[in-house]
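A note on names: the letters A, B, ... follow the listed sequences, proteins ahead of strands, and every chain is numbered from 1.
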Amino acid sequence: MRITLRYFASVREKLKRSEEEREIPSGATVRTVWDILKREHPELSAMEKAMSFAVAQEYVDRDHPLQDNDELAVIPPVSGGCYA
Amino acid sequence: MRITLRYFASVREKLKRSEEEREIPSGATVRTVWDILKREHPELSAMEKAMSFAVAQEYVDRDHPLQDNDELAVIPPVSGGCYA
Amino acid sequence: MPEEQRIWCAITNSPIAMQELTDFAADPAAGAMATFVGMTRNTNDGRRVIRLEYECYPGMAEKEMRKIAAEVLARWSIRKIAMMHRLGQVDIGEASVAIAVSSGHRHAAFEACHFAINQLKEIVPIWKKELYEGGELWIGSQTGTTGSWQRVQEENA
Amino acid sequence: MPEEQRIWCAITNSPIAMQELTDFAADPAAGAMATFVGMTRNTNDGRRVIRLEYECYPGMAEKEMRKIAAEVLARWSIRKIAMMHRLGQVDIGEASVAIAVSSGHRHAAFEACHFAINQLKEIVPIWKKELYEGGELWIGSQTGTTGSWQRVQEENA
């Protein structure tokens, strides 16, 4: 099946792109895709604990099963608002 | 000795004046003057507990001794700000 | 920064211009500003309010406001504080009081701003008369609540 | 009053006009309005900051802001809430985020406004890059802190 991946902020800069489409094995979860990304970009592992994920613009955990045409967003630690 | 009395809000309306000068016995305290006012205007007694006093624009307690030329303000419960 | 550049307290007969308070409180080292605005509400205690009328003890009211502002600077890590109170007639929806506090950190800004309005209502010699449908009333004076001075003492106890 | 008249959440590329937020939140039944404005500070963690640059996950950021606003209305007795976040370059002293909450009572207004900014910083998918003298840095990403989703879970636990 095919999904769209969205990258933001530090992840977008590390991967040098803001989105892409990918073919993934049926039955894949968020974790499956994240493991693939970490294999391709080992430097992502430094943010292992800090990373969150959203499917269809809702936060999901890593066991969330993916479906064809899903949009999966890789969400580094958010830092909206001000410093204060 | 002679002092100036200042009245505000509900007290001003009850006494129908915002200030006056008074001759008071030497050695008088805030309480002395307040007792005189209550004798003249018994309706003030309803606010007995709620009343505060200031001399020279500083809150004082009722035992505060008065001096010649003092300005004594009779301060009903304050209600600045908004309702909320 | 000297205290007079960090505190602005004023009593005014004109409508409150909030922008002036936030302009005063703004500071390049402040990442947070909390403000509070108190407005005349259209009902109170079941009465339909027409408007409020405020008066103060001139001189002492400003002094007590400045004391609150100085206490805020002493208790919290605050850059600047502006406090303004309006006198005279204040119609529904109009502001009678406004406070702006800037700080390096949002928690300090919120706490200090909340403290400032609480203290202002408790101890600054300002009074409001409520004109409602059917009468008028000096707010605070109708009940035998504790006086401002006693509250000051309790605060400091 | 229907929820869409009580909540206004927006993300903008323009400078934040605070007056628009307070105009939205004003209400004749509200006696209190608390606001919060977050601005770019000139230093952070000992670095001299030049400016910040914000980006968001379009669509999801607005949705998460609306969720926070809806939770505020559910948890406190609030009349209206307006929340706005700016994207792109935000210079020193300029506002990146602003929140206005109106209420019948000041305590609810303060608590709700404080809650809203805390939540916004925790869960809304917005990121800031700090340009400082000597480099640049995605704030939040440099440390192995807990992710947004884990924080959402902890909040709800």
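- At a 4.5 Å heavy-atom cutoff, the contact between D/Trp127 and chain A is made by backbone and side-chain atoms alike.
- A 6.0 Å sphere centred on CD of A/Gln67 holds no more than 12 heavy atoms belonging to other residues, nucleotides or ligands.
- Here CD of D/Glu62 is found 8.5 Å from CD of A/Gln57. Values are rounded to the nearest 0.5 Å.
- Residue pairs satisfying the ring pair (Phe, Tyr, Trp, His ring centres under 6.0 Å) criterion with at least one member in residues 11-42 of chain D, sequence neighbours excluded, are listed as follows: C/Phe110-D/Phe36, D/Trp8-D/Phe24.
- Proximity to chain A is absent for every atom of D/Val37, based on heavy atoms less than 4.5 angstrom apart.
- Proximity to chain A is absent for every atom of D/Leu137, based on heavy atoms less than 4.5 angstrom apart.
- In terms of heavy-atom pairs under 4.5 angstrom with chain A, the leader among D/Val90, D/Ile99, D/Leu120, D/Leu52 is D/Leu52.
- Proximity to chain D among residues 5-32 of chain A is limited to A/Arg6, A/Phe8, A/Ala9, A/Ser10, A/Arg12, A/Glu13, judged by heavy-atom separations below 4.5 angstrom.
- Residue D/Tyr57 touches chain A through both its backbone and its side chain, counting heavy-atom pairs closer than 4.5 Å.
- Using a 4.5 Å heavy-atom cutoff, the side chains of D/Arg41 and A/Cys82 are not in contact.
- D/Lys129 touches chain A through its side chain: at least one heavy atom from C-beta onward sits under 4.5 Å away, while N, CA, C and O do not.
- A/Val78 and D/Ile123 get closest at one heavy-atom pair: CG2-N, 4.1 Å.
- Residue D/Ile139 comes nearest to A/Tyr83 through the heavy atom pair CD1-CE2, 4.3 Å, listed as atom of the first residue, atom of the second, then distance.
- Options D/Asn44, D/Val97, D/Val124 differ in how many heavy-atom pairs under 4.5 Å they form with chain A, and the most are formed by D/Asn44.
- The two residues A/Met47 and D/Ser141 make their nearest non-hydrogen contact at CE-OG, 3.5 Å.
- Heavy-atom minimum distance, D/Met60 versus A/Ala54: SD-CB, 3.6 Å.
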